[in-house]
Amino acid sequence: MTKVFQAADATDLVTDLRRSFDAGVTRGYEWRVTQLKKLLLICDNHEPEIVSALHDDLGKPELESSVYEVALLRNSINLALKQLKDWMAPDKAKTSLTTFPASAEIVSEPLGVVLVISAWNYPFLLSIDPVIGAISSGNAVVLKPSELAPASSSLLAKLLEQYLDSSAVRVVEGAVTETTLLLEQKWDKIFYTGSSRIGRIIMMAAAKHLTPVVLELGGKSPVVIDSDTNLKITVKRIIAGKWGCNNGQACISPDYILTTKQFSPKVIDVLKQELEAFYGKNPMESKDMSRIVNLDHFDRLSKMLEEKEVSDKIVYGGQKNRDKLKIAPTILVDVPFDSQIMSEEIFGPLLPIITLHNLEECFDVIRSRPKPLAAYLFTQNQKLKERFAMTVSAGGIVINDIAVHLAVPTLPFGGVGESGMGSYHGKFSFDAFSHKKAVLYKSFVGDAAIRYPPYSRGKLRLLKALVNSNILEIFRVLLGLS
Ligand SMILES: NC(=O)c1ccc[n+]([C@@H]2O[C@H](COP(=O)([O-])OP(=O)(O)OC[C@H]3O[C@@H](n4cnc5c(N)ncnc54)[C@H](O)[C@@H]3O)[C@@H](O)[C@H]2O)c1
């Protein structure tokens with residue numbers, strides 16, 4: 001029988017890890033590299049087990065597991081291994097006349113003991129990717145995977161315990177009770193991935209200890225389709241980013257499409273054709289799509305579909321099998337804005353299309369709603385691309401593709417407003433778990449008497465000139481000119 005995780009366990013855990021951190025276990029370059037290499041070994045030695053756990057939890061196809069979870073993690077680890085020395089090196093900073101003579105630098109300092117709480121939809125990627133950042137920056141870390149992907153959670157616990165230094169890296173499995181106990185502890189950072197609703201609980205718990213947070217949340221990510229587009233490629237990319245990414249259960253999955261009334265019949269026709277080409281005449285039987293994670297989420301999605309003034313808007317799909325947790329790719333047209341499907345994040349295989357008179361109205365719809373994690377536009381019109389990028393606020397924007405910004409480690413990944421705060425990936429992960437410490441080095445030469453009392457008009461003038469870097473005024477004061 002597994003031991004129940006209790007309040008004292010949470011306290012002991014943090015005490016143990018803090019002892020390791022204070023002893024300097026995690027600070028050195030060598031320790032960080034060793035742990036990162038162990039994470040790489042996990043990917044190399046256990047890919048089949050990872051694929052199998054993801055299949056148990058989500059029916060995730062092997063290609064999606066191998067590429068979007070394991071291969072992306074490998075990339076992330078290799079990048080950290082390659083760049084860690086550079087990231088760790090202090091950045092020289094310019095000094096000013098006020099402190100002359102002096103030198104200055106920005107030192108990236110580990111925060112201490114950090115907590116990573118992750119979600120069920122990409123359980124390996126979303127658990128290990130932040131841990132890569134935490135380790136790279138020299139922190140001790142506790143990972144709490146999602147209980148809704150139990151096979152992945154227990155495999156993560158097993159592998160991290162087997163490979164990593166347990167004096168500084170631990171996994172706690174569990175649900176609300178265990179997470180609540182963890183949240184009562186004092187952490188140096190909490191990195192949370194999940195819904196905005198729980199994000200608020202995390203932030204309230206963090207506020208008690210003034211703990212900074214990164215909140216990687218979700219939202220309704222819109223896709224705008226202009227008529228000046230390559231429609232076939234547009235539609236293929238939308239399908240790959242929606243149903244081809246965990247069957248729509250992805251944070252940057254297209255949540256709804258906005259297009260013009262005039263162009264929408266073409267969009268719907270090509271969507272139907274390509275969906276059939278990808279998943280066959282009976283998509284419920286396709287092995288190339290994940291299933292819905294559990295009954296709660298299945299029922300939540302069913303309720304969205306069954307709502308009055310929504311159920312009669314289905315133009316494609318709509319089939320469901322509760323026993324197998326399957327819902328077919330489903331397209332709906334012009335559902336009401338106040339329906340559940342248009343008010344809440346869908347996070348599943350349903351895709352409403354909203355038709356409007358022109359693209360400006362489409363942009364206005366996005367601007368009038370909570371800021372999404374991603375916003376997408378398909379067009380060949382250069383001016384429109386620029387207008388979208390400059391005037392639409394979202395965690396990230398992609399023109400003419402879906403979700404691929406996630407694979408560019410030189411781009412920060414994170415939300416804004418309702419879709420979250422803070423970001424990670426590549427160097428941004430290192431920065432998310434570091435304190436940027438200002439360090440100024442002075443010597444004893446050039447000790448200026450003007451900063452010390454007794455004060456005088458002359459000292460005041462000279463100090464003001466120095467603070468403002470006003471060279472002319474400095475000379476005037478020194479030469480005794482008024
Ligand atoms: N921004 C991103 O990178 C990203 C990635 C994946 C998912 N998401 C978002 O996450 C959401 C779906 O994930 P989810 O269903 O796992 O989210 P969730 O909020 O239900 O759960 C996430 C984590 O929170 C914990 N949790 C649940 N209830 C809690 C409570 N009352 N107190 C403390 N902890 C609690 C869970 O155990 C889990 O580890 C969607 O909104 C999606 O858009 C965002």
Side-chain angles (χ1 to χ4, degrees), residues 5 10 57-58 68-69 72 76 115-130 133 142-150 152-153 156-157 171-185 187 190-206 208 213-221 241-242 245-255 290 292-298 300-301 343-348 370-374 394-396 403 405-407 411-425 428-429 432:
F5 188 78
D57 286 334
L58 291 150
Y68 304 150
E69 303 233 26
L72 282 183
S76 204
L115 174 64
V116 171
I117 303 173
S118 74
W120 52 264
N121 59 333
Y122 284 82
F124 285 90
L125 183 69
L126 300 177
S127 295
I128 295 184
D129 218 4
V142 172
L143 166 68
K144 212 299 289 172
S146 174
E147 72 282 14
L148 299 193
S152 303
S153 174
L156 277 162
V171 178
V172 174
E173 289 193 84
V176 178
T177 312
E178 292 78 3
T179 317
T180 306
L181 291 176
L182 288 172
L183 286 171
E184 281 164 9
Q185 306 303 309
W187 302 92
I190 300 175
F191 187 107
Y192 169 80
T193 304
S195 66
S196 311
R197 188 176 68 83
I198 308 298
R200 287 175 162 80
I201 296 176
I202 304 292
M203 204 165 164
M204 268 167 44
K208 205 171 142 207
V213 290
V214 171
L215 299 179
E216 292 285 340
L217 310 177
K220 293 183 78 64
S221 297
K242 174 84 177 173
C245 282
N246 204 26
N247 204 4
Q249 301 167 109
C251 55
I252 44 175
S253 176
D255 192 275
S290 298
I292 307 306
V293 63
N294 59 23
L295 271 179
D296 286 348
H297 279 275
F298 182 94
R300 178 184 64 80
L301 290 161
S343 331
E344 290 173 18
E345 181 181 4
I346 297 172
F347 220 60
K371 294 180 181 182
L373 186 57
H405 59 313
L406 175 130
L411 289 175
F413 185 80
V416 55
E418 191 72 14
S419 55
M421 60 185 70
S423 61
Y424 73 136
H425 287 185
F428 301 99
S429 294

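Both counts, for ligands and for their atoms, begin at 1 and track the order of listing.
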Quick check for you: to the nearest 0.5 Å, what is the distance between [X] atom [atom1] and [Y] atom [atom2]?
| X | Y | atom1 | atom2 | answer |
| --- | --- | --- | --- | --- |
| Phe5 | Lys144 | CZ | NZ | 10.5 Å |
| Leu373 | Ser196 | CG | OG | 9.5 Å |
| Arg197 | Glu344 | CZ | CD | 10.5 Å |

Identity of the nearest option to atom 26 (N) of ligand 1, non-hydrogen atoms only, from Val116, Asp296, Ile198 =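 Minimum heavy-atom distance to atom 26 (N) of ligand 1 goes to Ile198.
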Option nearest atom 16 (O) of ligand 1 (shortest heavy-atom distance, choices Phe413, Trp120, Tyr192) |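 Closest candidate by heavy-atom distance is Trp120.
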Residue and atom name of the nearest protein heavy atom (relative to atom 9 (C) of ligand 1), distance in Å to one decimal |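 Closest protein heavy atom to atom 9 (C) of ligand 1: Gly194 O, 3.3 Å.
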Any idea which protein heavy atom is nearest atom 33 (C) of ligand 1, and the distance to it?
->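 Heavy-atom neighbour on the protein nearest atom 33 (C) of ligand 1: Thr179 CG2, 3.6 Å.
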Look at ligand 1 and say whether [X] reaches it with a heavy atom at a distance under 4.0 Å.
| X | result |
| --- | --- |
| Leu217 | yes |
| Ser118 | yes |
| Tyr122 | no |

Closest approach of Ile252 and His405, non-hydrogen atoms and distance?
->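 Taking every non-hydrogen atom into account, CD1-CE1, 3.8 Å.
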Numbered atoms and elements of ligand 1 in range of [X], under 4.0 angstrom, heavy atoms:
| X | answer |
| --- | --- |
| Ala119 | 13 (O), 16 (O) |
| Leu373 | 1 (N) |
| Ile117 | 23 (C), 24 (O), 39 (O) |

Relative to ligand 1, is Glu345 under 4.0 angstrom through side chain, backbone, both or neither, heavy atoms considered?
->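 Contact part for Glu345 vs ligand 1: side chain (C-beta onward).
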Using heavy atoms and a threshold below 4.0 Å, how should the contact between Ile252 and ligand 1 be classified: side chain, backbone, both, or neither?
->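 Neither part.
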Considering distance alone, does some N or O of [X] sit under 3.5 Å from an N or O of ligand 1?
| X | answer |
| --- | --- |
| Ala175 | no |
| Ser196 | no |
| Thr193 | no |
| Lys144 | yes |

For residues Pro372 and Ser419, determine if any side-chain heavy atom of one lies less than 4.5 Å from a side-chain heavy atom of the other.
->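 Counting from C-beta outward, Pro372 and Ser419 never come under 4.5 Å.
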Residue pair Tyr192 / Met203, side-chain heavy-atom distance below 4.5 Å |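 SC-SC contact between Tyr192 and Met203 ruled out.
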List for me each residue that meets side-chain hydrogen bond (donor to acceptor under 3.5 Å, both in side chains) alongside Thr193, sequence neighbours excluded, and say none if there are none.
->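 Counting only residues at least two positions away or on another chain, Thr193 forms no side-chain hydrogen bond (donor to acceptor under 3.5 Å, both in side chains).
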Should the pair His297 and Phe347 be assigned to parallel (<30°), tilted (30 to 60°) or perpendicular (>60°) ring geometry?
->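 Tilted, since the angle between the ring planes falls between 30° and 60°.
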